[in-house]
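Down below is the structure, laid out as structure tokens.
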Amino acid sequence: MTEPFASIRKEFPFLLRQIDGHPIIYLDNAATSPKLQCVIDAVTGVYRNYTSNVHRGVHTLADEVTEAYEDARREIASFINASPSEIVFTRNSTEGINLVASGLGLRPDDEVVLTPAEHNSNYLPWNSRAKTVAVGMAEDGLPLYDEVEKFISPHTKLLTLAHVSNTTGIIAPVERWVEAAHRRGLPVLIDAAQSVSHVPLDVRALDCDYLVFSGHKILGPSGIGVLYGKRERLAALPLYQTGGGMVRYTAEDRFEVQDVPQRFEAGTPNIEGAIGLGAAVGWLRHLGMDKVMAHSKALGRHLVEGLCSIPGARVLACSAPLERRIGLATFSLDAPGFSPESIARLLCDRYQILVSGGYHCAHVLHDRLGLEGTVRISAHVFTTHEEIDRTLAALREIVG
Ligand SMILES: Cc1ncc(COP(=O)(O)O)c(C=O)c1O
């Protein structure tokens, strides 16, 4: 197997971590990803060089840090083919979804169409305000994406779905959802928390109305995320939070708000997070997202073919074409005594292989499948085929 990105591993200091004196194999990237050295440098550079706020100070360092913060916004905008004014910095994907959900004036009888495979962060913000209507699901957990039209009603206010499910690893046909929604004048929110690291994103081509992702899953810092919104969609949303930074002027009886995106960035933002995320995104852009996706798909194919050959393993969404899968697969084992948590623990304790075991915040999907959790193996750009082989060999040894 070719290892197209083996040489980049040295750019991740975390990959030198050991457990019990042994090197680790990190395959829990869907939970969170290691940080690049250039991200660590960008973040520490902010602490070292700029003790200053953005958009507020009147001195050289304030100018410099504001420029760096806005450069990061420009870099991120260009990464997803948006305009910088359409990029709102949030804390994470969850906050971006809540910002939109809280601004749409949803009522209990309104409906939001989604899939049963959504992460809780793209389920609860809707479910707590309106009715969620999930499309059907195949026996292996693959959402029946193509049936979306059947679930749109006169009560529907929005369609939303994960571009890549954090549980199945399948790339959803989001274009089809956007088309179905726009035919009826409805907006679509894409949860790109998982896809952003594996699939090239072009919000203009997708024509989605909103899109969210988190810095920590794309080799960047925690505590920073992005909400993309078409300019007119963002401008139509009511204020989310109020405070410093989002107003031009405040008098005792009135205040004048900034334009988007600043109007949604009340208070001192996560300056170092935004600048660190800009560095991560710039690094990936340089590497080339088409190549990143090809590697991710090759890892996904390798992983699923290997898992399917393990006796008793039930791989979620295995009916989906392999070319629609990123380097992520989730499975359960029909073998007594092997809970998902115990398998994850064994992989760590015996083999220093780090994966997830549990519900992956996709309770609805697991509930529908009658599963008390699954094991998730999730790769990133630095993952090698050799690591996948070693993980499969460890699993074979565990099941005997
Ligand atoms: C598909 C998906 N959506 C949303 C989220 C929430 O991301 P965050 O916790 O960074 O807000 C996750 C996190 O795992 C995810 O995988």
Side-chain angles (χ1 to χ4, degrees), residues 26-35 39 76 88-102 112 114-128 132 134 141-143 145 158-172 174 177 188-199 201 208 210-228 240 270 273-274 276-277 280-281 296 300 316-317 324-330 344 354-366 373-380:
Y26 187 73
L27 288 169
D28 199 11
N29 293 283
T32 199
S33 62
K35 314 306 166 207
V39 169
I76 292 159
V88 178
F89 284 124
T90 59
R91 282 189 301 136
N92 44 38
S93 307
T94 306
E95 188 175 47
I97 297 168
N98 274 281
L99 195 159
V100 176
S102 70
V112 171
L114 35 63
T115 82
E118 296 311 307
H119 187 283
N120 287 337
S121 289
N122 197 30
Y123 185 79
L124 294 172
W126 310 112
N127 187 252
S128 55
T132 43
L142 180 67
Y145 293 110
L158 174 126
L159 273 59
T160 184
L161 77 168
H163 190 192
V164 169
S165 158
N166 73 318
T167 309
T168 64
I170 301 302
I171 305 170
V174 283
W177 280 49
V188 178
L189 182 146
I190 295 182
D191 174 358
Q194 295 297 336
S195 62
V196 68
S197 293
H198 300 267
V199 179
L201 285 183
C208 56
Y210 312 99
L211 178 142
V212 297
F213 62 89
S214 305
H216 69 101
K217 296 194 199 278
I218 181 173
L219 315 175
S222 308
I224 186 76
V226 168
L227 163 65
Y228 156 80
Y240 179 56
N270 181 351
L277 176 55
V281 157
S296 181
L316 265 53
R324 292 205 71 88
R325 178 183 292 279
I326 65 158
L328 184 158
T330 305
L354 312 186
V355 302
S356 283
Y359 291 89
H360 327 297
C361 290
H363 290 95
V364 175
L365 179 77
H366 284 87
T374 43
V375 179
R376 179 178 69 190
I377 298 176
S378 53
H380 216 302

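Just follow the structure's listing: the first ligand is 1, and inside any ligand the first atom is 1.
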Check your understanding: Is the closest N or O pair between Asp191 and ligand 1 shorter than 3.5 Å?
Key -> yes

Practice item. Provide, to 0.1 Å, the distance between atom 16 (O) of ligand 1 and the closest protein heavy atom, together with that atom's residue and name. Key: Gln194 NE2, 2.7 Å

Practice item. Provide the number and element of each atom of ligand 1 under 4.0 Å from a heavy atom of Ser93. Key: 7 (O), 11 (O)

Check your understanding: Identify the closest protein heavy atom to atom 13 (C) of ligand 1: which residue and atom is it, and at what distance?
Key -> Lys217 NZ, 2.8 Å

Check your understanding: Tell me, which protein residue and heavy-atom name are nearest atom 9 (O) of ligand 1, and how many Å apart are they?
Key -> Thr94 OG1, 3.7 Å

Practice item. Measure the distances from the heavy atoms of Glu118 to every atom of ligand 1 and state whether one is below 4.0 angstrom. Key: no

Check your understanding: With a 4.0 Å heavy-atom cut-off (strictly under), which part of Ala193 contacts ligand 1: side chain, backbone, both or neither?
Key -> side chain

Check your understanding: Within the distance-only criterion (no hydrogens, no angle test), does the side chain of Lys217 pair as donor or acceptor with the backbone N or O of Thr32 below 3.5 angstrom?
Key -> no

Review point. Among side-chain atoms of Ser378 and Asn29, is any donor-acceptor pair under 3.5 angstrom?
Key: no

Review point. Looking only at heavy atoms, what is the nearest atom pair of Phe213 and Ala192, with distance?
Key: CB-O, 3.7 Å

**Study point:** Distance-only side-chain donor-acceptor flag, Thr167 / His360, under 3.5 Å
**Key:** no

Review point. Should the pair His366 and Tyr359 be assigned to parallel (<30°), tilted (30 to 60°) or perpendicular (>60°) ring geometry?
Key: perpendicular

Check your understanding: How far is atom 15 (C) of ligand 1 from its nearest protein heavy atom, and which residue and atom name does that atom have?
Key -> His119 CD2, 3.3 Å

**Study point:** Closest approach of Ala162 to Ala172 (non-hydrogen atoms, all atoms of both residues)
**Key:** O-CB, 3.6 Å

Revision key, fill the gap. Under 4.0 Å from one or more heavy atoms of Ser214, ligand 1 contributes atoms 7 (O), 8 (P), 10 (O), 11 (O)

Exercise for review: Indicate whether any N or O donor in one side chain lies under 3.5 Å from an N or O acceptor in the other, for Asn120 and His363.
Suggested key: yes

